[in-house]
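Down below is the structure, laid out as structure tokens.
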Protein chains: 2
Amino acid sequence: MEKIISRYKGKGFKLTPQRLAILKFLEGNTNHPTAEDIFREIKKKYPTVSFATVYNTVEALRERGELLEITINPDRKHFDPNPNPHHHIICKVCKKIEDIFTDYSEALKLPKDITDEFEILGNHVDFYGICKNCRN
Amino acid sequence: MEKIISRYKGKGFKLTPQRLAILKFLEGNTNHPTAEDIFREIKKKYPTVSFATVYNTVEALRERGELLEITINPDRKHFDPNPNPHHHIICKVCKKIEDIFTDYSEALKLPKDITDEFEILGNHVDFYGICKNCRN
DNA sequence: CATTATAATAGAATTATTCCAAGATGAGAA
DNA sequence: TTCTCATCTTGGAATAATTCTATTATAATG
Ligand SMILES: [Mn+2]
Ligand SMILES: [Mn+2]
Ligand SMILES: [Zn+2]
Ligand SMILES: [Zn+2]
């Protein structure tokens, strides 16, 4: 918790109680929560919190490279407090998202016509599957 | 055009004029249009067409494996009439999406803990970059 | 041509996300 | 410690994307 605070102190990032609750919820969270997941959790302690605060905070974190926006689920955005490059697999049935930490960067080379046109900034692999639970 | 018709005839897929216009617009289209792109185009010829028809049609095509839903852009869905496995790169500025036909399947192996839990159905690589146009 | 299952339509509903104006407050300065 | 102000929070409205529903229309089939 002090770790969290010291990471944001004096970086032009105002630490409010709501934000601390969001940071605490995200810290080490590998569930890839949606805005609603975050909202529901923070509401327990701060019943008046608004969606705007949730979106404002994740956007502030994203801008600072502290959080990723995950697009693997066509229905809604998920957020990932682990900003290190990694990949994901989603269960097509229950939409659970899990991390894949394999490094594919060596293999993910692009053809010349693409590298000629694009300055490459990054990549992300989406895997699709059905989890054990959902196969029953 | 006859090709399109024969592909859907007698497959429980009713070929209406609006659907034919959508199919014709999608045929060979590599622009990854959004629902609105499709709507706007079909409206030219069928001014009364509704968004529901566009969504119904792309959903019917998706169910039949004739079309892919692309999630690379967090803002909106894009559709791809090329259902063959391939990948995409998006320009972070103008959101243009281009195809990547490199086959990475050999390299995209998953760790055992994942293959133990998930039955794998497929994968897709998102590349992010900035296109030539947007660098000026 | 008649029947029928399926599609098209308008518009409302839903859902996700963003915007806005007003009041509140954390953080650094004094 | 208190003051000041930039930044944040909030509710609610606005926007945008997508889905749903009831009604009407029509493509496919025989
Ligand atoms: Mn992750
Ligand atoms: Mn494509
Ligand atoms: Zn599942
Ligand atoms: Zn561009």
Side-chain angles (χ1 to χ4, degrees), chain A residues 1-2 4-23 25 32-64 66-67 69-79 95, chain B residues 1-2 4-23 25 32-64 66-67 69-79 95:
Chain A
M1 196 61 188
E2 285 74 32
I4 298 180
I5 295 178
S6 67
R7 185 154 83 247
Y8 294 100
K9 271 280 188 195
K11 302 246 174 63
F13 184 90
K14 205 155 145 183
L15 282 171
T16 65
Q18 294 87 342
R19 283 189 164 188
L20 278 171
I22 293 173
L23 292 170
F25 175 63
H32 309 93
T34 62
E36 199 189 346
D37 294 333
I38 299 172
F39 177 73
R40 214 182 9 244
E41 177 67 22
I42 306 315
K43 218 177 160 89
K44 288 183 193 165
K45 200 164 176 196
Y46 298 95
T48 66
V49 76
S50 74
F51 262 103
T53 296
V54 173
Y55 280 109
N56 289 342
T57 303
V58 295
E59 177 58 16
L61 292 171
R62 202 193 53 74
E63 277 171 3
R64 278 153 232 265
E66 303 275 351
L67 169 146
E69 205 176 273
I70 307 290
T71 61
I72 196 171
N73 179 356
D75 295 336
R76 48 181 46 71
K77 289 179 191 167
H78 293 252
F79 300 99
K95 314 291 181 182
Chain B
M1 196 59 190
E2 286 73 32
I4 298 180
I5 295 178
S6 67
R7 184 151 84 245
Y8 294 100
K9 270 282 187 195
K11 302 248 173 63
F13 184 88
K14 203 154 143 184
L15 281 172
T16 64
Q18 294 87 340
R19 284 187 162 189
L20 277 171
I22 293 173
L23 292 171
F25 174 62
H32 308 94
T34 62
E36 200 190 345
D37 294 333
I38 300 172
F39 177 72
R40 214 181 10 243
E41 178 67 21
I42 306 313
K43 219 180 160 88
K44 288 183 193 164
K45 200 164 175 194
Y46 299 96
T48 68
V49 76
S50 74
F51 261 104
T53 295
V54 172
Y55 281 109
N56 288 343
T57 303
V58 296
E59 177 57 15
L61 291 171
R62 202 192 54 73
E63 277 170 3
R64 277 154 231 264
E66 303 276 350
L67 169 145
E69 205 175 274
I70 307 291
T71 61
I72 196 172
N73 178 357
D75 296 337
R76 49 179 47 71
K77 289 178 192 166
H78 293 253
F79 300 98
K95 314 292 182 183

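Each chain gets a letter, A, B and so on, in the order its sequence line appears, and its residues count up from 1.
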**Study point:** Nucleotide-resolved protein contact map, nucleotides 20-25 of chain C, B/S/- at heavy-atom distance under 4.0 Å
**Key:** -----B
Exercise for review: Give me the ring orientation class for Phe51(B) and Phe39(B): parallel if the planes are under 30° apart, tilted from 30 to 60°, perpendicular past 60°.
Suggested key: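 Because their plane-to-plane angle is under 30°, the rings of Phe51(B) and Phe39(B) count as parallel.
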Point to revise | Upstream residue (5' side of DNA chain D) when Thr48(A) and Ala60(A) are each assigned their closest nucleotide | key: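 Looking at DNA chain D, the more 5' nearest nucleotide goes with Ala60(A).
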**Study point:** Ala35(B) vs Leu15(B), nearer the 5' end of DNA chain D by closest nucleotide
**Key:**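 Taking each residue's closest nucleotide, the earlier one in sequence belongs to Ala35(B).
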Review point. Between the main-chain N or O of Thr57(A) and the side-chain N or O of Arg19(A), is there a donor-acceptor pair closer than 3.5 Å?
Key: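 Checking the backbone N and O of Thr57(A) against the side chain of Arg19(A), no donor-acceptor pair under 3.5 Å is found.
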Write down the distance between [atom1] ([X]) and [atom2] ([N]), rounded to a whole number of angstrom.
X	N	atom1	atom2	result
Phe39(A)	dT17(C)	CZ	P	13 Å
Lys43(B)	dT9(C)	NZ	P	10 Å
Glu59(B)	dA7(C)	CD	P	12 Å
Leu20(B)	dA8(C)	CG	P	10 Å
Ile42(A)	dT9(D)	CD1	P	11 Å
Arg62(B)	dT18(D)	CZ	C1'	14 Å
Phe51(B)	dG11(C)	CZ	P	15 Å
Glu36(B)	dT18(D)	CD	P	10 Å

What's the closest nucleotide to the [X] side chain, out of [options]?
X	options	value
Lys77(A)	dT17(C), dT18(D), dG11(D)	dT17(C)
Val49(B)	dT18(D), dT17(C), dT9(C)	dT9(C)
Tyr55(A)	dG11(D), dT17(C), dA8(C)	dT17(C)

Is the shortest side-chain N/O distance from [X] to OP1 or OP2 of [N] below 4.0 Å?
X	N	value
Gln18(A)	dT10(D)	yes
Arg19(B)	dT6(C)	no
Ser50(A)	dT9(D)	no

Check your understanding: So how far is it from Ile5(A) CD1 to Leu20(A) CG, rounded to the nearest 0.5 Å?
Key ->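 It comes to 5.5 Å.
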Check your understanding: Of the non-hydrogen atoms in Asp37(A) and Thr34(A), which two are nearest, and what is the gap between them?
Key ->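 Closest pair (atom of Asp37(A), atom of Thr34(A), distance): OD2-N, 2.8 Å.
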Practice item. Quick one: label Thr53(A) by what it contacts on the DNA or RNA (base, sugar-phosphate, nothing), any heavy atom closer than 4.0 Å. Key: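 Base contact.
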Exercise for review: For residues Lys95(B) and His78(B), determine if any side-chain heavy atom of one lies less than 4.5 Å from a side-chain heavy atom of the other.
Suggested key: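 A side-chain contact is absent here, since even the closest heavy-atom pair is not under 4.5 Å.
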Exercise for review: Indicate whether any N or O donor in one side chain lies under 3.5 Å from an N or O acceptor in the other, for Thr53(A) and Asn56(A).
Suggested key: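 Absent: no donor and acceptor within the cut-off.
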**Study point:** Derivation of the side chain to side chain contact (heavy atoms under 4.5 Å, CB included) call for Tyr46(B) and Ile22(B)
**Key:** CA-CA 11 Å; Tyr46(B) 299 96; Ile22(B) 293 173; over 6 Å; no
